[in-house]
Protein chains: 2
Amino acid sequence: MTPTAHRAVSTDARAEGRALNERQAAILEAVVTEYIGSAEPVGSSLVAHAPGVQVSSATVRSEMVALEREGYLVQPHTSAGRIPTDKGYRFFVDHLTQPGVLGPTQHKQVCRFFDQVHVEMEDMLERATGLLSELTSYAAVVVGPSHDSATIRSVQLVGLAPHLVLLVVVLSDGAVEKQTMEFEAEVADDVLTTAGALLSTHLVGRTTTTGWTVPSGGSAEVDRVVAAATAAFGLMGRSIESDQIFVGGPSRLAQSFDAVETVRSVLGILEQQLVVVTLLRDVLDRGLSVAIGTEHGYEPLASCAVVVAPVSIDGVDLGAVGLLGPTRMDYQRALAAAHVVGERLGQRLGETGRGGASAGAGSHDGGN
Amino acid sequence: MTPTAHRAVSTDARAEGRALNERQAAILEAVVTEYIGSAEPVGSSLVAHAPGVQVSSATVRSEMVALEREGYLVQPHTSAGRIPTDKGYRFFVDHLTQPGVLGPTQHKQVCRFFDQVHVEMEDMLERATGLLSELTSYAAVVVGPSHDSATIRSVQLVGLAPHLVLLVVVLSDGAVEKQTMEFEAEVADDVLTTAGALLSTHLVGRTTTTGWTVPSGGSAEVDRVVAAATAAFGLMGRSIESDQIFVGGPSRLAQSFDAVETVRSVLGILEQQLVVVTLLRDVLDRGLSVAIGTEHGYEPLASCAVVVAPVSIDGVDLGAVGLLGPTRMDYQRALAAAHVVGERLGQRLGETGRGGASAGAGSHDGGN
DNA sequence: GCCTGGCACTCAGTAGACTTGAGTGCCAGG
DNA sequence: CCTGGCACTCAAGTCTACTGAGTGCCAGGC
């Protein structure tokens with residue numbers, strides 16, 4: 001690493017502008033690292049003494065001019081140091097960040113979590129957001145698997161009150177959906193039993209997305225109940241198809257930003273679950289694990305970075321975990337935390353044999 | 001209302017300090033109203049021209065001195081106007097605020113909400129927080145009824161995978177609880193069926209809080225499943241006893257306060273569900289509907305006011321709705337919104353015959 | 001006795017002038 | 001091609017003065 005060896009660091013940076021040489025990369029790295037820590041513009045003399053740079057501040061300055069021209073750095077005002085642009089962070093994340101592992105304390109924390117947590121999925125996902133946000137001190141998001149490929153394992157009608165009946169459906173992935181049905185007339189217990197049996201026979205084993213018809217049960221009363229249940233299925237559909245989303249540690253956002261307005265708008269985004277899911281999916285689909293600033297296209301999040309990791313088992317997509325913080329976030333820690341938690345969540349979901357195409361493959365015969 | 005008629009307005013203010021006369025009350029009211037609107041210290045000349053006051057600013061000033069001495073107002077600094085203290089807001093809320101009704105637009109909004117929303121309780125409560133926070137532009141909290149007095153309506157065992165069984169319990173209030181059980185050995189379907197029937201026979205009709213034992217089912221395998229299910233009941237207990245809590249519009253907090261630190265700490269409180277429930281219960285138990293500033297004893301919420309309304313039907317407590325905003329909140333609107341929503345939620349929960357001792361009484365025919 | 005107008009006073013907030021110092025760009029010399 | 005040096009820039013801090021909103025107090029009037 002002689003000062004004169006200026007091999008290109010980026011393999012594809014040629015695509016736009018000139019590639020950064022090693023020294024420029026080192027300087028950029030120093031600026032980003034320092035800025036992430038201090039949140040204040042970084043001057044040339046500080047960078048000049050950083051390990052891996054070791055040239056005079058004048059040289060650093062001239063390189064900084066180049067980096068600024070190429071769009072990696074900006075100056076808030078003339079006589080200030082430099083701060084990284086989104087492009088600067090992007091280069092940092094892509095080329096200057098080693099995968100990174102969690103610290104021992106945090107690793108322990110993750111292990112403890114997965115030892116303690118029990119099998120109920122929603123509960124696990126919910127608490128995983130807490131874990132993630134505690135590990136990183138950023139806001140965390142976990143998106144659980146949707147149920148649309150699950151099959152129906154059980155259908156049950158339970159009378160709650162003379163005119164009220166609850167339809168309870170158990171899916172192969174362990175999810176339980178319910179829907180209340182209200183009737184004009186009282187519903188007799190034996191009608192419920194008959195209708196329930198009829199529904200069971202025709203629906204168990206089917207997927208929730210396919211359409212089906214249930215033949216008449218012989219009595220008008222039974223048919224009425226069956227029809228109501230079929231309608232209730234339709235109402236349930238919405239919650240079956242929609243992804244489960246959990247948000248953890250939103251109060252951390254207020255630590256990450258000091259402009260109230262930013263906090264407000266980011267919290268606002270987090271309240272719109274659909275937007276969050278779409279955002280995470282988008283980022284993952286584009287093969288990224290980090291979206292910085294405006295890269296994801298949501299203006300209210302322009303001052304945020306999003307770190308995403310898939311939750312999957314054997315290549316089957318089960319969901320995603322995400323972290324939301326300021327663009328000057330500690331990417332290494334965040335990436336490590338997201339990946340570890342995502343991976344172990346995937347293992348867990350796979351382990352219990354749920355939430356995948358493999359769910360029903362078992363040798364176990366016929367539903368009850 | 002001659003200027004010299006200084007009848008005491010408060011009936012019990014004698015208890016501490018002197019009672020406020022009518023003019024002082026009017027001045028206090030003007031200050032509070034004005035400050036709620038402008039968030040800036042209110043000067044004497046502004047108050048002098050307020051309707052209901054109509055004296056010179058000099059007179060207002062001397063009354064303000066008295067109000068300050070009694071602790072209803074403070075001056076941020078010598079040459080500034082006055083702002084209300086917690087005690088000032090308290091007097092305002094107790095004596096100067098008429099019950100108040102919602103505006104027509106908002107009333108419509110509430111009606112539309114209760115027309116559209118369907119019967120699933122969690123869903124309704126969840127969305128009620130959205131309604132409340134939209135009505136008032138403060139953060140909203142809804143606490144649902146706990147299930148501890150409900151009886152078991154159905155117990156079911158569903159096989160998910162060879163070693164995995166799901167215990168599904170339906171309660172009389174329409175709640176469905178589930179718990180996954182994992183077995184070392186494969187569980188045969190007929191064992192599940194037998195065990196399920198056994199559990200049903202012995203548990204349906206009981207409350208969730210009482211202890212019970214289920215006799216042997218004749219086979220070791222069945223007994224093993226029953227034992228596991230009994231243990232699973234224990235795990236479920238926690239979620240049955242804990243109250244359901246929903247938070248809506250936390251991003252509104254960032255609008256209410258301009259100090260990031262305040263936003264952070266209040267959001268932090270909202271994340272601790274237990275604390276929030278306790279807070280609401282405390283306030284309700286003390287017979288209050290508003291807790292201002294430090295009245296509730298949680299320092300992080302010292303700059304907040306909490307408006308609470310019970311959700312109950314026929315005197316049976318089903319939960320509570322709450323609003324969280326700055327001490328300079330619009331109490332009249334907030335109180336009106338909380339009461340209306342709380343009341344209608346109570347009606348709804350009662351209407352469907354759930355969530356109360358009255359479940360099953362249902363003389364009422366035909367719902368909506 | 002109580003209200004009112006008038007007057008002197010206080011003090012936060014704003015604006016302008018000045019200083020400081022961190023940091024830059026540029027250039028000549030090695 | 002790197003480096004030290006130098007002149008330059010400009011945000012932030014300090015000091016001063018000014019402004020005006022608002023007060024407290026008092027003497028006079030109803």
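Numbers restart at 1 for each chain; the letters A, B, ... are given by sequence-line order, proteins then strands. Side chains are part of it too, since the values below use all heavy atoms of this structure and drop only hydrogens, waters and symmetry mates.
Of all the residues in residues 32-51 of chain A, not one reaches under 4.0 Å from DNA chain D with any non-hydrogen atom.
Judged by distance alone, with hydrogens and angles left aside, the side-chain atoms of A:Arg90 form a donor-acceptor pair with the main-chain N or O of A:Val290 at under 3.5 Å.
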Mind listing the side-chain donor-acceptor pairs of residues 36-53 of chain A below 3.5 Å, one per line with the distance, residues two or more places apart or on another chain?
unit_1	atom_1	unit_2	atom_2	d
A:Ser38	OG	A:Glu34	O	3.1
A:Ser38	OG	A:Glu40	N	3.1
A:Ser38	OG	A:Glu40	O	3.4
A:Ser44	OG	A:Arg61	NH1	3.3
A:His49	ND1	A:Ser45	O	3.1

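Between A:Leu324 and A:Tyr138, every side-chain heavy-atom pair lies at or beyond the 4.5 Å cut-off.
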For nucleotides 11-14 of chain C, print each protein N/O atom paired with a nucleotide N/O atom at under 3.5 Å, atom names and distance only.
unit_1	atom_1	unit_2	atom_2	d
C:dC11	OP1	B:Thr78	OG1	3.4
C:dC11	O4'	B:Ser79	OG	3.4
C:dC11	O2	B:Ser79	OG	3.2

Under 3.5 Å, N/O pairs linking protein and nucleotides 25-30 of chain C:
unit_1	atom_1	unit_2	atom_2	d
C:dG25	OP1	A:Arg82	NH2	2.9
C:dG25	N7	A:Arg61	NE	3.1
C:dG25	O6	A:Arg61	NH2	3.1

Pairs under 3.5 Å (N/O, protein and nucleotides 28-30 of chain D):
none

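One can place CZ of B:Arg23 at 11 Å from C1' of C:dT4, the figure rounded to the nearest angstrom. In this structure, the CG atom of A:Leu73 is 10 Å from the P atom of C:dT24, given to the nearest Å.
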- Task: Please test B:Leu73 against B:Met64 for side-chain contact (heavy atoms from CB on, under 4.5 Å), starting from the C-alpha separation and ending with a verdict.
- Result: CA-CA 8 Å; B:Leu73 296 176; B:Met64 277 175 156; 4.2 Å; yes
- Task: Would you sort out whether A:Val341 and A:Leu135 count as a side-chain contact (heavy atoms from CB on, under 4.5 Å), showing the intermediate values?
- Result: CA-CA 10 Å; A:Val341 174; A:Leu135 283 174; 4.1 Å; yes
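Here the rule is side-chain contact (heavy atoms from CB on, under 4.5 Å) with A:Glu63, and of A:Asn21, A:Val55, A:Leu20 only A:Asn21 fits it. When A:Val306, A:Val141, A:Val308 are each tested for a side-chain contact (heavy atoms from CB on, under 4.5 Å) with A:Leu279, only one passes: A:Val306.
Atom SG of B:Cys304 and atom CZ of B:Phe257 lie 3.5 Å apart (nearest 0.5 Å).
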- Message: Wobble G-U and Watson-Crick pairs count when both distances are under 3.5 Å; given that, what is the 5' to 3' dot-bracket string of DNA chain C, with | for pairing to other strands?
- Response: ||||||||||||||||||||||||||||||
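Summarising the geometry of A:Leu267 relative to A:Pro250, their closest heavy-atom pair is CD2-CB, 3.9 Å, with the distance given to 0.1 Å. Contact detail for A:Ala336 and A:Leu102: the closest heavy-atom pair is CB-CD2, 4.0 Å. For the pair A:Gly293 and A:Thr327, the tightest heavy-atom approach, listed with the atom from each and the gap, is N-CG2, 3.7 Å. Closest heavy-atom contact between B:Ala302 and B:Thr294: CB-CG2, 4.0 Å. For the residue pair A:Leu96 and A:Glu29, the shortest heavy atom distance occurs at CD1-CB, 3.7 Å. When every heavy atom of B:Thr262 is checked against every heavy atom of B:Ser303, the shortest pair comes out as CG2-OG, 3.3 Å.
Below 30°, between 30° and 60°, or above 60°: for B:Tyr35 and B:Tyr89 the angle between ring planes is between 30° and 60°, a tilted geometry.
Phosphate contact (OP1/OP2 of C:dT4, side-chain N/O of B:Thr59, threshold under 4.0 Å): present.
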